[in-house]
Number of protein chains: 2
Amino acid sequence: MTQIDLSPKSCANCPIRPRAICSRCTADELLELDKIKYYKTYPAGASVVLMGDPMTFVASVVSGVATLSRSMIDGRMQMVGLLLPSDFIGRPGRDTASYDVTAVSELTLCHFHKKPFEKVTHATPHVQERLVEIALDELDAARDWMLLLGRKTAREKIASFLLICVRRLGRKEGEILQLELPLTRDAMSDYLGLTIETVSRQMAALKRDGVLVLEGTRKVTIPDLNRLLDEAGDDSDGATLA
Amino acid sequence: MTQIDLSPKSCANCPIRPRAICSRCTADELLELDKIKYYKTYPAGASVVLMGDPMTFVASVVSGVATLSRSMIDGRMQMVGLLLPSDFIGRPGRDTASYDVTAVSELTLCHFHKKPFEKVTHATPHVQERLVEIALDELDAARDWMLLLGRKTAREKIASFLLICVRRLGRKEGEILQLELPLTRDAMSDYLGLTIETVSRQMAALKRDGVLVLEGTRKVTIPDLNRLLDEAGDDSDGATLA
DNA sequence: TTGAGAACTTGATCAGGATCAAGGTTTGCC
DNA sequence: GGCAAACCTTGATCCTGATCAAGTTCTCAA
């Protein structure tokens with residue numbers, strides 16, 4: 001809830017992902033966006049919005065992890081998206097949420113009131129273009145996930161998830177990759193369309209087979225990325241690691 | 001491949017879905033789009049584009065049915081979208097296809113060369129806005145499908161699919177709903193993340209239980225929409241039937 | 001009208017993952 | 001340091017949907 005650094009530079013975390021667009025924003029535009037933004041922090045487990053709620057803001061993740069999920073009346077649920085720092089939350093042009101957004105760890109968002117935000121973006125075609133691009137990126141990710149949910153085995157699902165985490169969160173320590181899983185086993189099962197028991201068993205199996213090394217329950221080391229790529233079944237070119 | 005009706009009105013099937021935008025397009029804009037469009041017909045089973053192909057056009061479906069799909073090297077595949085008349089194909093701002101597009105029945109598309117199309121849309125903010133909207137609609141649909149693929153039973157999947165077909169293709173004949181299924185059992189299985197045998201068995205079960213009446217293999221009658229809604233598990237407000 | 005191929009159905013069996021049920025570890029708070 | 005709650009693992013069993021294997025029904029062209 002603290003207001004920090006209102007200079008144009010701070011737009012590094014504006015809802016339009018940093019590099020791609022801020023390079024094309026004029027100083028005036030950045031200032032305009034800065035005027036209408038505010039930061040807000042949610043504790044782990046907090047609900048950011050519920051499906052059907054009016055959406056009065058758009059936002060980008062500054063730090064922490066959030067999830068998007070849909071659920072059925074009987075309680076079954078499916079995570080439909082994972083939000084990591086720099087990711088965008090919101091639906092320009094829409095006014096109700098169509099999924100639940102939940103903070104998984106402590107979460108800080110950079111909010112923008114929707115109305116003024118839309119007034120700004122309205123006037124700037126390159127921001128509109130960027131919004132199309134963001135939506136198409138998410139669409140691609142969603143469709144990849146459909147392949148995973150519909151056709152992959154439990155082991156492949158776990159491997160694919162690890163691959164995503166490696167791409168976004170992995171650090172190279174010498175020759176090997178390390179990362180901290182952003183989700184509990186329970187949240188992983190919601191994301192992968194599995195049960196927590198299956199997640200646990202498959203993690204154990206991958207460990208047994210030397211695909212990964214576990215330290216505690218969240219710290220993972222990947223000794224051989226190609227091995228993991230194989231296990232994931234397909235998943236395009238994971239070779240392009242950040 | 002036949003050129004038809006170049007008057008502004010013919011934009012009824014321009015890649016921007018009819019009602020929502022054409023009402024806001026000026027006659028000049030429509031004419032501009034008309035100049036760069038051409039029609040093309042594909043036989044049933046034909047491939048429109050393959051994943052990875054350069055995408056030199058955008059298009060909208062004039063008649064017929066097409067599918068979007070992704071597949072794994074070992075042949076497993078998952079349909080990630082169903083394209084019916086008025087649906088949009090293409091990725092403004094992207095230049096390679098990220099799924100296969102296949103004609104399921106004889107298919108006629110209204111194509112626009114991408115470069116000139118982008119030149120036109122570039123200059124018109126309301127078209128850009130409409131593109132964001134289209135992308136968000138597809139994203140919502142994709143995420144609904146993720147819930148289906150990850151958490152629904154075979155029977156619920158079939159019921160959900162029928163519901164979608166009813167919404168887009170159903171005709172009310174007196175008090176009951178009729179429709180012609182746009183897909184073979186085989187394509188349905190690809191869409192629902194099932195096998196063809198399971199699709200066949202669950203269709204038989206729904207028929208046995210009086211949820212639907214089959215005439216031949218593609219003609220379906222739904223005697224009670226609420227019954228179908230229940231079977232689909234959740235699926236928001238299917239009450240809003242066209 | 002007939003025949004071939006595609007599309008669909010039905011049955012028997014199998015297996016991957018769900019479910020049920022303990023028990024073990026971490027984490028954080030007093 | 002001790003305790004409770006959350007988180008995770010492991011085992012036994014079950015069940016849904018996959019797989020394998022015939023058949024049957026459409027469709028359409030000769």
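Lettering follows sequence order; numbering is per chain, from 1.
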Notebook entry, point to check: Between B:Tyr191 and B:Phe161, how do the two ring planes meet: parallel, tilted or perpendicular, split at 30° and 60°?
Noted result: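 The arrangement is perpendicular - the two ring planes meet at more than 60°.
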If you measure only the distance, is there a donor-acceptor pair under 3.5 Å linking the side chains of [X] and [Y]?
{"X": "A:Ser160", "Y": "A:Lys152", "value": "yes"}
{"X": "A:Thr195", "Y": "A:Ser189", "value": "no"}
{"X": "B:Arg151", "Y": "A:Ser71", "value": "no"}

Quickly work out the [X] [atom1] to [N] [atom2] distance and round it to whole Å.
{"X": "A:Arg155", "N": "C:dA15", "atom1": "CZ", "atom2": "C1'", "value": "16 Å"}
{"X": "A:Gln202", "N": "D:dC8", "atom1": "CD", "atom2": "P", "value": "16 Å"}
{"X": "B:Ile196", "N": "C:dT10", "atom1": "CD1", "atom2": "C1'", "value": "12 Å"}
{"X": "A:Lys207", "N": "D:dT10", "atom1": "NZ", "atom2": "C1'", "value": "13 Å"}
{"X": "A:Glu215", "N": "C:dT26", "atom1": "CD", "atom2": "P", "value": "12 Å"}
{"X": "B:Ile158", "N": "C:dT9", "atom1": "CD1", "atom2": "C1'", "value": "14 Å"}
{"X": "B:Arg218", "N": "C:dA7", "atom1": "CZ", "atom2": "P", "value": "9 Å"}
{"X": "B:Glu197", "N": "C:dA12", "atom1": "CD", "atom2": "P", "value": "15 Å"}

Which nucleotide, [options], lies nearest any side-chain atom of [X]?
{"X": "A:Arg185", "options": "D:dC8, C:dG11, D:dG17", "value": "D:dC8"}
{"X": "B:Thr217", "options": "D:dT9, C:dC8, C:dT10", "value": "C:dC8"}
{"X": "A:Thr198", "options": "C:dC8, C:dG17, D:dA18", "value": "C:dG17"}
{"X": "A:Thr195", "options": "C:dT10, D:dG17, C:dA18", "value": "C:dA18"}
{"X": "B:Ser200", "options": "D:dC8, C:dT9, D:dT10", "value": "C:dT9"}
{"X": "A:Arg201", "options": "C:dT10, D:dT10, D:dC8", "value": "D:dT10"}

Notebook entry, point to check: Within the structure shown, what part of the strands sits under 4.0 Å from A:Thr184 by heavy-atom distance: base, sugar-phosphate, or nothing?
Noted result: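 Answer is sugar-phosphate: A:Thr184 comes under 4.0 Å of backbone atoms only.
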Check: NA contact type, B:Gly45, heavy-atom cut-off 4.0 Å: base, sugar-phosphate, or nothing?
Finding: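 No contact at all - B:Gly45 keeps every heavy atom at 4.0 Å or more from the nucleic acid.
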Item checked: Pair A:His111 and A:Tyr38, ring centroids less than 6.0 Å apart ->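 Under 6.0 Å, so yes.
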